[in-house]
Peer 1: 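The structure's right below; bear with me while I get my questions together.
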Amino acid sequence: MQKIDWMQEVNERKDDLVSDLRQLLQIKSVLDEENASFDAPLGKGIKEALQYLLNLGEKDGFIAKNVGNLAGHLEMGTGEELIGVLCHVDVVPEGDGWSVDPYGGEVKEGKIYSRGASDDKGPTMAAYYAMKIIKELKLPLNKRVRMIIGTDEESNWRCVDHYFKNEEMPTTGFAPDADFPIINAEKGISDYDIVLPAKKIDQTNHMLISFYSGRRYNMVPDHATAVLSFSGEQTDLIQEYSSFLEKNELKGSYFIESGELHLELEGISAHGMEPKNGKNAGLFLLKFLTQLELDSQAKRYIDFGVHILFNQSRGEGLGIDFKDEITGDLTVNVGKMQYEQANGGSFGINMRYPVTFDMQKGKETIIKKASEHGFSIENFSDSKPHHVDENNALIKILQKVYEEQTGEKAELLSIGGGTYARSLKSGVAFGALFPGRPDVMHQKDEYMFIEDLLKATAIYAQAIYELAQ
Ligand SMILES: [Zn+2]
């Protein structure tokens, strides 16, 4: 291998790199299915961003291929094995509150601003220039290197689904779409509903008419409402509710409408990957309701929530608590709850499980536990855990390169979330957010430090060069 001053090579191309990135940032590549067409299935903006990168690559001498207008690739080198660099050019909507044009690509105070600057157009352009430098220096490669460009990472991953159905899976590779140093382990993610079918209601004095909390599996709900029909004295109940809220340091309110009592409760929202960071409004409201003598169907629903799910974010209640050294604890988030007197009820679960967890057995345990209480499991989905062993050659090379380029130790990270790298058979997430930098992805005024952009480019160039030997 030749010794190259990668940082110098990057600095010589700095102006072009920033200018090409600005052009990519100026394309509003937000999913737009309402205006989709046959040759732009995810909308015009996304198509334009994909085409921009493919054209750029073609002009620079890469083999460019558009794969169904959902993905594409740029390839260089020759050889049997294939190194994949997986990026994406779609972005989430800009949202409100920007102090700069969200699609302006403005450069100020050492940062480049725009939706997508750090997720994932900046890192994508860094990886692109990394390949371009190797190409321009005419460095010999023993493997092919392919930048795979996705366009639906922020939504449904239809890009990689389509791409890998039709194209070769790289032998190894990385996705510059998360954090440096290296994320080599990601928990499995499974969503499912625990469903209580509707039953005939026994008429009692107190009945639960409806109960709702949460809209997304992967969030801790911060709001819950219950509607009760309640014959008799309501003052005591309201008094009890107030003291329950106070005792648990929660906010809530109530009102009476057409003789029905409405209870509202405010919790604290958090990402579902760590339910302990929030306060689940729905489960707390069920905890309060458990004190009341309600009809038997409501009681069955509430008891399950309180005894099996409340305060059991490690899956203890479901009998699936598990942890391993690589990825830590299994977590259970109850993100969606609903109950209607006429229709029964459900709990929507987002479960993140360690890489060594036996999901087959786990699923059986969950089904068994649910059925013991009269519930069933529906809408089960499962995204397998992702793990590349720390002794894998890929990891060794990326660690060495990162340490040489930054002078910092390349720790391996394990996370509860899922990164784009999991769509590679053997790949890791590798940058481009450096340790200590604020994560502004999906935020207003998203930016990337130019300095980081250049450093990432040098790291990617050396990494790709060494991986392709
Ligand atoms: Zn991304």
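Both ligands and their constituent atoms are indexed starting at 1 by order of listing.
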Peer 1: Can you tell me the angle formed at the Zn ion (ligand 1) by NE2 of His88 and OD1 of Asp119, to 10°?
Peer 2: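 Nearest ten degrees: 100°.
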
Peer 1: Is any N, O or S atom of Asp120 under 2.8 Å away from the Zn ion (ligand 1)?
Peer 2: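 For Asp120, the answer is no, given that no N, O or S atom comes within less than 2.8 Å of the Zn ion (ligand 1).
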
Peer 1: Looking only at the side chains, is there a donor atom on one of Lys121 and Ser29 sitting less than 3.5 Å from an acceptor on the other?
Peer 2: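 Yes.
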
Peer 1: Name whichever N, O or S atom of Asp177 ends up nearest to the Zn ion (ligand 1).
Peer 2: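 It is OD1 of Asp177.
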
Peer 1: Indicate the ring-plane relationship of Phe449 and Tyr447, choosing parallel, tilted or perpendicular according to the 30° and 60° boundaries.
Peer 2: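 Ring orientation of Phe449 relative to Tyr447: perpendicular.
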
Peer 1: Would you call the rings of Phe62 and Tyr128 parallel, tilted or perpendicular, where under 30° means parallel and over 60° means perpendicular?
Peer 2: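 Rings of Phe62 and Tyr128: tilted, as their planes differ by 30° to 60°.
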
Peer 1: Do the rings of Tyr301 and Phe347 sit parallel, tilted or perpendicular, given the 30° and 60° boundaries?
Peer 2: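 Tyr301 vs Phe347 ring planes: parallel.
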
